[in-house]
> 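Starting off with a structure, shown below.
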Amino acid sequence: MSKSSTIPAVRGFRDVLPEECAHWQRLEAAARDLFARYGFGEIRLPILERTELFARAVGETTDIVEKEMFSFRDRDKEETAVALRPEATASVVRAYLESGLVHRDRQARLFYAGPMFRRERPQRGRYRQFYQIGAEVLGRDDALADAELLVWLVRYFDQVGARGTRIELNSLGDAACRPAYRERLRQFGLAHLDALCGDCHRRLQRNPLRLLDCKVADCRAVIERAPVMRDSLCAACTAHFDEVRLLLDQERVPYVLNLRLVRGLDYYCRTAFEIVAEGEGLGAQNAIGGGGRYDGLVAMLGGPEVAGVGFALGLDRVAMATPAAKDAAPGPAALVLPLEPRAVAPALRLATQLRDEGLVVAVEPAGRSLKALLGVANRRRARLAVILGPDELAAGRATVRDLASSADRRQALDLGAPGAELARWVRAEVGAS
RNA sequence: GUGGGUGUAGCUCAGUUGGCAGAGCACCGGGUUGUGGCCCCGGGGGUCGAGGGUUCAAAUCCCUUCACUCACCCCA
């Protein structure tokens with residue numbers, strides 16, 4: 001007689017329940033609408049890719065690839081290493097090349113929405129399965145493309161009512177100027193080794209740029225004096241960055257320059273940005289979006305030299321930074337209440353007819369007292385209770401009770417009438433109440 | 001991966017120096033033969049996160065473990 005135990009969800013994985021889903025759908029609908037206006041088409045991508053794709057695109061030595069991927073071997077002959085995608089840009093570029101989009105029209109404007117997976121330690125706003133909405137512009141190396149994305153983001157946050165969002169902007173340089181800067185920064189770090197924290201020692205080995213955004217006070221004091229990327233940008237990168245900023249200023253896109261902004265994925269170059277949400281209980285995970293330019297990525301993934309720029313929004317976090325609809329979901333227009341088993345079939349008949357006419361209708365099972373059923377109707381916030389008991393069956397007419405006014409329309413609803421007529425009657429009652 | 005906090009009813013939480021497992025809300029039923037909300041009465045619900053140990057006796061003390069949570073790290 002042992003009670004079987006429940007099976008919990010996997011660590012870091014969670015359910016998004018209807019109430020929260022309603023909020024998410026609003027956020028997604030707003031994004032789709034705005035994407036359409038900016039000429040983006042949706043792309044639906046696989047959730048599973050070859051591990052190699054991310055290793056090459058995101059970077060072998062990034063945390064994401066080194067220790068955060070859900071990676072395993074498929075049971076095919078080659079035992080292919082596959083992974084749940086930790087991000088989608090690599091997939092978009094893979095699809096762009098594989099589908100031949102690259103040949104049809106070098107420029108592509110694509111958006112996607114869906115779950116990503118990273119095996120990090122869960123915390124508020126950080127889940128092992130999280131959702132991103134993202135956009136990519138392929139085949140465009142001009143500053144206009146970068147600026148358009150940022151304008152999109154500002155319009156989006158405005159549209160969904162995200163409060164306290166801030167765009168942080170930086171330029172990371174390109175293949176011509178970044179390596180030299182990277183080396184200068186590394187040398188600087190080595191020269192101040194004993195003043196830097198343990199994390200920074202590791203960063204120095206793996207990704208010197210990361211020194212720039214260390215949060216330890218002692219490190220920051222040192223980093224203040226470190227060389228700045230902006231002073232190391234080549235002429236082309238400077239010109240590109242200046243034009244992006246000029247366009248943003250023209251469109252009155254508010255942003256703050258953050259010369260210490262670094263992005264974690266290897267493929268970023270030139271424009272890099274992050275959207276940070278202040279307050280609103282996001283905790284430490286307050287980056288609700290991020291993106292930038294990745295001009296070398298297409299070539300890295302085996303394609304021609306094609307530029308690209310894009311962003312991703314963390315839907316879980318955007319949801320936390322935007323107000324959910326305050327008023328609870330409205331109840332059904334009518335709740336049909338069969339008082340006895342004989343009334344069940346007519347109840348379903350009636351409900352189906354009304355639903356076919358577009359009304360929101362619910363039906364309760366028989367077997368409970370009228371009192372109990374009306375209690376249900378009240379809790380569900382139904383507008384009308386449609387009562388089907390012995391009297392109603394005999395008369396062929398349902399009693400309809402208006403839950404707000406407590407007014408009964410006894411012998412009111414002709415069960416033999418066609419659906420459209422029933423619906424018209426119900427609509428009139430609901431509208432009149 | 002590292003460090004801190006918290007796990008008791010569906011939810012929010014009490015639970016004394018170790019001594020019968022509790023409250024509020026929610027749910028179900030009754031108070032009214034077929035009329036909801038408010039009120040009154042009653043009821044069902046718990047392996048006290050899990051496993052082990054100490055003890056006559058453990059929700060309480062000890063160890064281990066899991067989950068959640070906050071920060072680091074990382075990132076959306």
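Remember, it's a predicted structure, so these values are computed and weren't measured experimentally. Throughout, protein chains are lettered first and strands after them, A, B, ... in sequence-line order, and every chain is numbered starting at 1.
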> Please determine, for the side chain of A:F130, which listed nucleotide (B:C28, B:A76, B:G34) has the closest atom?
B:A76
> Side-chain donor-acceptor contacts of residues 9-29 of chain A below 3.5 Å, not counting sequence neighbours, with atom names and distances?
unit_1, atom_1, unit_2, atom_2, d
A:R14, NH2, A:D316, OD2, 2.6
A:H23, NE2, A:T322, OG1, 2.9
A:R26, NH2, A:P323, O, 3.1

> When you compare B:G1 with B:G44, how far apart are their P atoms, in angstrom units rounded to a whole number?
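Looking at atom P only, B:G1 and B:G44 are 45 Å apart.
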> If the C1' atom of B:A58 is compared with that of B:U17, how far apart are they to the nearest Å?
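Approximately 14 Å lies between the C1' atom of B:A58 and that of B:U17.
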> Side-chain donor-acceptor pairs under 3.5 Å in residues 90-97 of chain A, sequence neighbours left out?
unit_1, atom_1, unit_2, atom_2, d
A:S91, OG, A:E49, OE2, 2.7
A:R94, NE, A:E98, OE1, 2.8
A:R94, NH1, A:E49, OE1, 3.0
A:R94, NH1, A:E49, OE2, 2.4
A:Y96, OH, A:R106, O, 2.5

> Quick one: salt bridge (Lys or Arg N to Asp or Glu O under 4.0 Å) pairs with a partner in residues 212-227 of chain A, sequence neighbours left out?
A:R210-A:D213
> If you measure from the C1' atom in B:G18 to the same atom in B:C11, how many Å do you get, rounded?
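29 Å, rounded to whole Å.
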> Kindly give the atom pairs (protein nitrogen or oxygen, nucleotide nitrogen or oxygen) under 3.5 Å for nucleotides 64-67 of chain B.
none

> Do any side-chain atoms of residues 329-336 of chain A form donor-acceptor pairs under 3.5 angstrom with protein atoms, and if so which ones, sequence neighbours left out?
none

> What nucleic acid atoms does A:A312 come within less than 4.0 Å of, heavy atoms only: base, sugar-phosphate, or nothing?
sugar-phosphate
> Going by salt bridge (Lys or Arg N to Asp or Glu O under 4.0 Å), name the pairs with one or both residues in residues 259-272 of chain A, residues two or more places apart or in two chains.
A:D174-A:R270, A:R263-A:E274
> Using a heavy-atom cut-off of under 4.0 Å over every strand shown, decide if A:G389 touches base, sugar-phosphate, or nothing.
base
> Rounded at 0.5 Å granularity, tell me how far CG in A:L373 sits from CD1 in A:I387.
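So the CG of A:L373 and the CD1 of A:I387 are separated by 9.0 Å.
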> Identify the nucleotide, in any strand shown, that forms a Watson-Crick or G-U wobble pair with B:G7, with both distances under 3.5 Å; if there is none, say none.
B:C66
> Supply the atom-to-atom distance A:L384 CG to A:L403 CG, rounded to the nearest 0.5 angstrom.
7.5 Å
> Does A:R126 make a side-chain N or O approach to OP1 or OP2 of B:C70 shorter than 4.0 Å?
no
> In whole angstroms, how far is the P atom of B:C74 from the CG atom of A:L211?
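So the CG-P distance, A:L211 to B:C74, works out to 10 Å.
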> What interatomic distance, in whole Å, is found between C1' of B:U54 and the corresponding atom of B:G15?
22 Å
> Does OP1 or OP2 of B:C73 have a side-chain N or O of A:R202 closer than 4.0 Å?
no
> Name all residues meeting the salt bridge (charged side-chain N to carboxylate O under 4.0 Å, His left out) criterion together with A:D33; count only those two or more places apart in sequence or in a different chain, and write none if there are none.
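Scan of A:D33 (salt bridge (charged side-chain N to carboxylate O under 4.0 Å, His left out), adjacent residues dropped) gives A:R37.
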> By nearest atom, which of the nucleotides B:C73, B:U35, B:C72 is closest to the A:A284 side chain?
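Nearest to the side chain of A:A284 among the choices is B:C72.
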> Heavy atoms under 4.0 Å, any strand shown: does A:G291 hit a base, just sugar-phosphate, or nothing?
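A:G291: no heavy atom of the nucleic acid under 4.0 Å.
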> Taking only the P atom of each, what is the distance from B:U55 to B:C62 in whole angstrom?
16 Å
> By nearest nucleotide on RNA chain B, pick out whichever of A:I288 and A:R401 is the more 5' one.
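The residue whose closest nucleotide sits nearer the 5' end is A:R401.
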> Polar atom pairs between nucleotides 2-4 of chain B and protein, under 3.5 Å, N or O only, would you list them?
unit_1, atom_1, unit_2, atom_2, d
B:U2, O4, A:R121, NE, 3.4
B:U2, O4, A:R121, NH1, 2.8
B:G3, O6, A:R121, NH2, 3.0

> May I ask you to evaluate whether A:Q123 reaches the phosphate of B:A71, defined as a side-chain N or O under 4.0 Å from OP1 or OP2?
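A:Q123 to B:A71 OP1/OP2: side-chain N or O found under 4.0 Å.
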> Could you work out the separation of B:C63 and B:U69 based on their C1' atoms and round it to a whole Å?
23 Å
> Please confirm whether the backbone N or O of A:L261 pairs with a side-chain atom of A:N170, one donor and one acceptor, at under 3.5 Å?
yes
> Applying a 4.0 Å non-hydrogen cut-off, can you work out what A:I387 is touching in the nucleic acid: base, sugar-phosphate, or nothing?
base
> Sequence neighbours left out, what pairs pass ring pair (Phe, Tyr, Trp, His ring centres under 6.0 Å) with at least one residue falling in residues 255-276 of chain A?
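The answer is A:Y267-A:Y294.
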> Under the salt bridge (Lys or Arg N to Asp or Glu O under 4.0 Å) definition, can you give me all pairs with a residue in residues 128-139 of chain A, not counting sequence neighbours?
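Output for this query is empty, none listed.
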> Using a cut-off of under 3.5 Å, enumerate the N/O to N/O pairs linking the protein to nucleotides 6-11 of chain B.
none

> Please enumerate all protein N or O atoms sitting under 3.5 Å from an N or O of nucleotides 30-32 of chain B, with distances to 0.1 Å.
unit_1, atom_1, unit_2, atom_2, d
B:G31, N7, A:K371, NZ, 3.0

> Could you go through A:R44 and A:E42, starting from their C-alpha distance and side-chain angles, then the distance that decides it, and tell me whether this counts as salt bridge (charged side-chain N to carboxylate O under 4.0 Å, His left out)?
CA-CA 7 Å; A:R44 301 221 178 185; A:E42 182 174 8; 3.2 Å; yes
> Is the phosphate of B:C73 approached by A:R203 (side-chain N or O, under 4.0 Å from OP1 or OP2)?
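Answer is yes, contact under 4.0 Å.
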> Counting neighbours of CD on A:Q123 that are heavy atoms of other residues, nucleotides or ligands and sit closer than 6.0 Å, is the number greater than 12?
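Buried by this count: over 12 neighbours within 6.0 Å.
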> By the 4.0 Å heavy-atom rule, please label A:R380 as base, sugar-phosphate, or nothing.
nothing
> Suppose we call two aromatic rings close when their centres sit under 6.0 Å apart. Are A:W152 and A:F40 close by that rule?
no
> Using heavy-atom distances to pick each residue's nearest nucleotide on RNA chain B, tell me which of A:R379 and A:L388 is more 5'.
A:R379
> Would you say A:R124 places a side-chain N or O within less than 4.0 Å of OP1 or OP2 belonging to B:C70?
yes
> Does any N or O donor sit under 3.5 Å from an N or O acceptor when you compare the side chain of A:E68 with the base of B:G1?
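No.
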> Report yes if a side-chain nitrogen or oxygen of A:R14 is closer than 4.0 Å to either non-bridging phosphate oxygen (OP1 or OP2) of B:C68; otherwise report no.
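False: A:R14 side-chain N/O out of range (4.0 Å or more) of B:C68 OP1/OP2.
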> Suppose you measure atom P in B:U64 against the same atom in B:U2; what distance do you get, rounded to whole Å?
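Looking at atom P only, B:U64 and B:U2 are 14 Å apart.
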> Given the C1' atoms of B:G3 and B:C73, what is the spacing between them in whole Å?
11 Å
> Taking atom types as modelled and ignoring hydrogens, do the side chains of A:T271 and A:S171 form a donor-acceptor contact shorter than 3.5 angstrom?
no
> Which whole-number value in Å describes the distance from A:L403 CG to B:G37 C1'?
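To the nearest whole Å, that distance equals 9 Å.
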